[in-house]
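Heads up, the thing below is written out as structure tokens.
Quick note: numbers below take in every heavy atom, side chains included, and nothing from hydrogens, waters or symmetry partners.
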Amino acid sequence: MVPMTSYYDYVLGLVPVTLVGITAVLGAVGVAYLTAVSAGAGAAALVVGHALFVNSPVPTPVEEVPTQSATDHGPVNAD
């Protein structure tokens, strides 16, 4: 079975990785915890912003199915 991953699946995985990863790297370097978390959250927000506004999702066209109105019952079988 072939996995069906798309751009938005990667974005959903990248958001927590970005938040935790940047926070951990900056914390290890010696940046204050509040600043490290803020930088990580800002980078995660940029990832989400890119997914929403730069590479926005577009709806796939749906085939129109012909429908009958309430008064149109089709052919009547008189048997």
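Atom CG in D9 sits 12.5 Å away from atom CG in L14 (nearest 0.5 Å).
Applying the side chain to side chain donor-acceptor pair (under 3.5 Å) test to every pair with at least one member in residues 10-19, sequence neighbours left out, gives these pairs: T5-Y10.
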Extract all donor-acceptor atom pairs below 3.5 Å that involve side chains of residues 33-53 and protein atoms in other chains or at least two apart in sequence.
residue : atom : partner : partner atom : Å
S38     : OG   : L34     : O            : 2.8
H50     : ND1  : Y7      : OH           : 2.6

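Hydrophobic cluster membership for I22: L26, V31 (Ile, Leu, Val, Met, Phe, Trp, Tyr linked by side-chain heavy atoms under 4.5 Å, directly or transitively).
V25 and V17 are members of different hydrophobic clusters when ILVMFWY side chains are connected at heavy-atom separations under 4.5 Å.
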